[in-house]
Amino acid sequence: KAYVPGAEPKADMGHLNKELMELVNSLRPKSDERQRQSEALEALRTALTTRWPDCKVHLFGSTANQLSICNNNDIDVCLELPDLPSDSNTKGDIVEELGTLLTEAGMQNVLPLPKARVPVVKFVVGDNGTKVDITVNNILAIVNTKLLADYVSIDERLLQLCYVIKHWAKRRQVNDSYRGTLSSYCYVLMCIHLLQQRQPPILPCLQAIKPPTHFRTVGQWVCDYYDDLEALKGFGEPNKETLAELVWAFFEYWAWKHDYNNAVISVRTGGFLTKSQKEWTRRVGNERHLVCIEDPFELTHDLGRTVDRQTNGVLHKEFERAACVLRDHDNPLEKLMEPYRA
Ligand code: GTP
Ligand code: MG
């Protein structure tokens, strides 16, 4: 159904908000799940420090930034080897070696992908069922995990919105960057960006506040930003919008308001850039730049690059479907989250 400018949801937003908050609470990871994940991490740490005594083993991604929803058995781990040269061939070699080592250590379904853009080994911790993605010296991911964690601690509506959007994206099968839709990391950046745009803003732009207080440079990328969270306490309070209103704003934006032809979403600047500014106007190799989301640190990296013509259509249809369900139904939640069936 078509866009009607200014149209508001039909539902009682107070009631919808109550239901969404219940959903959020039901999606919080249970303690036994967290227990299993930390046991898996410890088993892994033991195996790795035996081989590399001076390595560090970091947790990153959603289990490290509070954005993990329950029944997510996946953890993201980074093996940090201080003296490793930074070219990706060496990382690929380590990934090969890791594959052998993890198999010998009793891990299951070990799958090394040394040629991936970010070389990785995927495996399952034997008796524990936790699925692990382990990467080598993936320092950018550690830094961006901290950035996301810092945003999460500024206003609780970010976590709530991310939970709802991640749950929706899984139900509607649009959360798989290997299949041309968007990664969870990408959805989280879309949520942060939305909250930076609200009037008054719910989130600041941590990379634009001067001077920075957190310093880190990774290769060519300067990853400094402001992280004095104590000083930012209550930042979003002048804005009284509820979760239900923000969920509606998210889908309304991505269904009808985003300028897919020209705009690039940039959490780094707290605003928008153009595709021509980024030189993301034409297809290069497999990178099509149909939905453009700038990585906050790795500035040449368009997180929407995995989207192709076909999946772009799928995504747009899903955003429109969600917006229409919210707009046109008295009681939209069940329909909004209805599992996708081909
Ligand atoms: P779930 O596993 O679905 O709960 O989400 P997640 O927050 O763990 O996100 P995901 O598994 O998509 O990514 C894990 C982490 O990898 C993110 O938090 C980022 O730190 C990093 N990451 C993922 N995709 C990219 C990418 O394309 N570029 C970079 N630089 N980092 C990425
Ligand atoms: Mg993850």
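On a predicted model such as this, the values are computed, not experimentally measured, just so you know. As the structure lists them, so they are numbered: ligands from 1, and atoms in each ligand from 1. The residues of the chain are indexed from 1 along the displayed sequence.
Within 6.0 Å of atom OH in Y178, 12 or fewer heavy atoms from other residues, nucleotides or ligands are found, so the atom counts as exposed in its surroundings. In this structure, R28 places its CZ atom where more than 12 heavy-atom neighbours from other residues, nucleotides or ligands lie under 6.0 Å away.
The atoms of ligand 1 that sit less than 4.0 Å from any heavy atom of L303 are 26 (C), 27 (O), 28 (N). Taking a cut-off of under 4.0 Å to the non-hydrogen atoms of E298, the atoms of ligand 1 that pass are 30 (N). Within ligand 1, counting atoms from 1 as listed, the ones closer than 4.0 Å to a heavy atom of D76 are 8 (O), 11 (O), 14 (C). Per-residue contacts place S183 under 4.0 angstrom from the following atoms of ligand 1 (heavy atoms of the residue considered): 12 (O). Near R117, the atoms of ligand 1 lying under 4.0 angstrom from a non-hydrogen atom of the residue are 26 (C), 27 (O), 28 (N). Near A141, meaning under 4.0 Å from one of its heavy atoms, ligand 1 places the atoms 20 (O).
Proximity of N72 to ligand 1 is established by a heavy-atom distance of less than 4.0 Å. Distances shorter than 4.0 angstrom occur between a heavy atom of T145 and an atom of ligand 1.
Annotation: S62 places an N or O atom under 3.5 Å from an N or O atom of ligand 1; distance criterion only. At under 3.5 Å, a nitrogen or oxygen of N144, whether backbone or side chain, sits near a nitrogen or oxygen of ligand 1. Annotation: D74 places no N or O atom under 3.5 Å from an N or O atom of ligand 1; distance criterion only.
For D295, every heavy-atom contact with ligand 1 shorter than 4.0 Å involves the side chain, none the backbone. With a heavy-atom cut-off of 4.0 Å, V188 does not touch ligand 1 at all. Only the side chain of K170 comes within 4.0 Å of ligand 1, counting heavy atoms alone; its backbone N, CA, C and O stay farther away. Under 4.0 angstrom from ligand 1, there are no non-hydrogen atoms of K131.
Ring-plane geometry between F250 and W254 is classed as tilted, the angle between the planes lying from 30 to 60 degrees on a 0 to 90 degree scale. Between H289 and W280, the two ring planes are parallel [angle under 30°; tilted spans 30° to 60°]. Below 30°, between 30° and 60°, or above 60°: for Y225 and H214 the angle between ring planes is between 30° and 60°, a tilted geometry.
Salt-bridge formation is detected for the pair K146/D227: a Lys NZ or Arg NE/NH1/NH2 atom is positioned less than 4.0 Å from an Asp or Glu carboxylate oxygen. Look at E97 and R51 and you find a salt bridge, because one of the NZ, NE, NH1 or NH2 atoms lies within 4.0 Å of a carboxylate O, short of that distance. Taking a cutoff of 4.0 Å between a charged side-chain nitrogen and a carboxylate oxygen, R198 and E241 qualify as a salt bridge. The existence of a salt bridge linking E287 and R282 is excluded, since no basic side-chain nitrogen approaches an acidic carboxylate oxygen closer than 4.0 Å.
In summary, an N, O or S atom of D76 is located under 2.8 Å from the Mg ion (ligand 2).
Distance SG/C223 to CZ/R268: 11.5 Å, rounded to 0.5 Å.
A donor-acceptor contact under 3.5 angstrom links the side chains of H301 and R117, judged on distance only.
With respect to atom 9 (O) of ligand 1, the closest heavy atom belonging to the protein is S184 CB, 3.5 Å. Here the protein heavy atom with the shortest distance to atom 18 (O) of ligand 1 is G61 CA, 3.4 Å. Summary of contacts: the protein heavy atom closest to atom 28 (N) of ligand 1 is H301 NE2, 3.2 Å.
Between F60, Y185, W221, it is F60 that holds the heavy atom closest to atom 16 (O) of ligand 1.
With contacts defined as side-chain heavy-atom distances shorter than 4.5 Å, the pair N137/I94 does not qualify.
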